[in-house]
Amino acid sequence: MFGHNLTLSVALARMDAHGGQEETVLVSLPRAVSFDLAFDPLRIDPVSALGVGGLGPQVRSLFRRLFASRVVPEHVLRATGTSHARGALLHGPPGTGKTTLARAIARFVGAHVQAVSGPEVMSKFVGDSEAKVRALFAPAEESYRRLGAAAPLHLLILDEADSLFAKRSGLGASDAPAQRLYDNVVNQFLAKMDGAEEATPNLLVIALTNRMSLLDPAVLRPGRLEVHVEVPYPSAAGRAEILQLHTQPLREAGMLGPDVDIAALSGAPTQGLSGADIAGAVRDAAAHARAGG
Ligand SMILES: Nc1ncnc2c1ncn2[C@@H]1O[C@H](COP(=O)(O)OP(=O)(O)OP(=O)(O)O)[C@@H](O)[C@H]1O
């Protein structure tokens, strides 16, 4: 764990200057929000550090855009007109590793995690739903009130975000009560995010969806879910990493056949498969082998 007033290496915080040019910033703590950031956000190896395959660019982009600012002192932030990103949206087809990635990042940075799904929040009961939204923000609020800049990072993972933030046109005129419920919950959520700079700078929201086109654009604006990262189907190289990860326990137990050729399997045989499909195929193969097939 880094102490206060530590000058970090030049590689630690490179912030995107305008035009995509990278500018290296020497940073000196105390940090705006303290949490264990004993790593270089740009050089992190997603496979060994996070246990996800084929997501190197996504991981590096997330760390740079979500965490680099959090080790930069306030005066540098102000001078560069930067503020902490408050929310990100991971979007892409089902089973490509969005949930796995969000949870692994939370573990890696040592954040307090709360995970909830959109349908869970949008329960049938209006009052209940609004209370649920308030409750989601309460631990980070309480922690920041008590500890100020020393408050730990809280990460709110919001699965199936499309059911919470769907475009308003999705509801018809005959759905007036549902529309009101929806508006109340969403407005409360957005108000909480809009006020986060003051009330909860220690809170980060990562929302997940496989239907980004359904989301209300208002939710994707700066200050809300402003960092958008696509998590696509894996390439052949990505499939090789995923295969390697999911066969590792078998390999370590000496149970992987010597003829299992990861390079060959990551080509045509797994073309078009998601990480979840590949993990399932490895499980099936192991079960088949156990059964003596
Ligand atoms: N990129 C990946 N690397 C390693 N494992 C993966 C990857 N993608 C998926 N998996 C495996 O598939 C399982 C399901 O993935 P996960 O739930 O993270 O996908 P998702 O994108 O969140 O899916 P959905 O959109 O359907 O919720 C994980 O538990 C993991 O074992």
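In each ligand, atom 1 is the first atom listed, and ligand 1 is the first ligand listed.
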Item to complete: For atom 21 (O) of ligand 1, grab the closest protein heavy atom and report residue, atom and distance to one decimal in Å.
Response: Lys98 NZ, 2.7 Å
Practice prompt. Nearest 0.5 Å please: distance from the CE atom of Met193 over to the CG atom of Leu225.
Written response: 5.5 Å
Practice prompt. Around atom 19 (O) of ligand 1, find the nearest protein heavy atom and jot down its residue, atom name and distance.
Written response: Gly97 N, 3.2 Å
Worksheet item: Mind checking whether His246 has a heavy atom under 4.0 Å from ligand 1?
Response: yes
Worksheet item: What protein heavy atom is closest to atom 22 (O) of ligand 1, reported as residue, atom name and distance in Å?
Response: Thr99 OG1, 2.5 Å
Worksheet item: Between Ile242 and ligand 1, which part of the residue brings a heavy atom under 4.0 Å of the ligand: side chain, backbone, both or neither?
Response: side chain
Practice prompt. Classify the contact between Asn210 and ligand 1 as side chain, backbone, both or neither, using a heavy-atom distance cut-off of under 4.0 Å.
Written response: side chain
Worksheet item: Out of Leu101, Thr100, Leu208, whose heavy atom sits nearest atom 29 (O) of ligand 1?
Response: Thr100
Would you mind writing out the side-chain donor-acceptor pairs for residues 256-273 within the sub-3.5 Å range, not counting sequence neighbours?
residue : atom : partner : partner atom : Å
Asp261  : OD1  : Ala263  : N            : 3.1
Asp261  : OD1  : Ala264  : N            : 3.1
Ser266  : OG   : Ile262  : O            : 3.3
Ser266  : OG   : Ala263  : O            : 2.9
Thr270  : OG1  : Arg239  : NE           : 3.0
Thr270  : OG1  : Leu265  : O            : 2.7
Thr270  : OG1  : Ser266  : O            : 3.4
Thr270  : OG1  : Gly267  : O            : 3.4

Worksheet item: What protein heavy atom is closest to atom 3 (N) of ligand 1, reported as residue, atom name and distance in Å?
Response: Gly53 N, 2.9 Å
Worksheet item: What is the nearest protein non-hydrogen atom to atom 23 (O) of ligand 1, stated with its residue, atom name and distance?
Response: Gly95 N, 2.9 Å
Fill in: Leu55 contact mode with ligand 1 (heavy-atom cut-off under 4.0 Å)
side chain
Worksheet entry | By side-chain contact (heavy atoms from CB on, under 4.5 Å) - contacts of Ser235 (at least two apart) | Ala237
Worksheet item: Are the side chains of Lys192 and Thr200 in touch, meaning some heavy atoms are under 4.5 Å apart?
Response: no
Worksheet item: Between Lys132 and Glu120, is the closest basic N to carboxylate O distance under 4.0 Å?
Response: no
Worksheet entry | For ligand 1, the portion of Glu160 having any non-hydrogen atom under 4.0 Å away | neither
Practice prompt. Would you indicate whether the side-chain heavy atoms of Phe63 and Val109 approach each other to under 4.5 Å?
Written response: yes
Worksheet entry | Closest approach of any protein heavy atom to atom 10 (N) of ligand 1, naming residue and atom | Gly275 C, 3.6 Å
Discussion item. For atom 14 (C) of ligand 1, what's the nearest protein heavy-atom neighbour? Residue, atom name and distance, please.
Written reply: Ala276 CB, 3.9 Å
Worksheet entry | Spacing of NE2 belonging to His84 relative to CG belonging to Asn202, to within rounding of 0.5 Å | 9.5 Å
Practice prompt. Look only at the side chain of Arg224 and the backbone of Leu190, and say whether a donor-acceptor pair between them is shorter than 3.5 Å.
Written response: no
Fill in: Parallel, tilted or perpendicular: rings of Phe189 and Phe165 (30°, 60°)
perpendicular
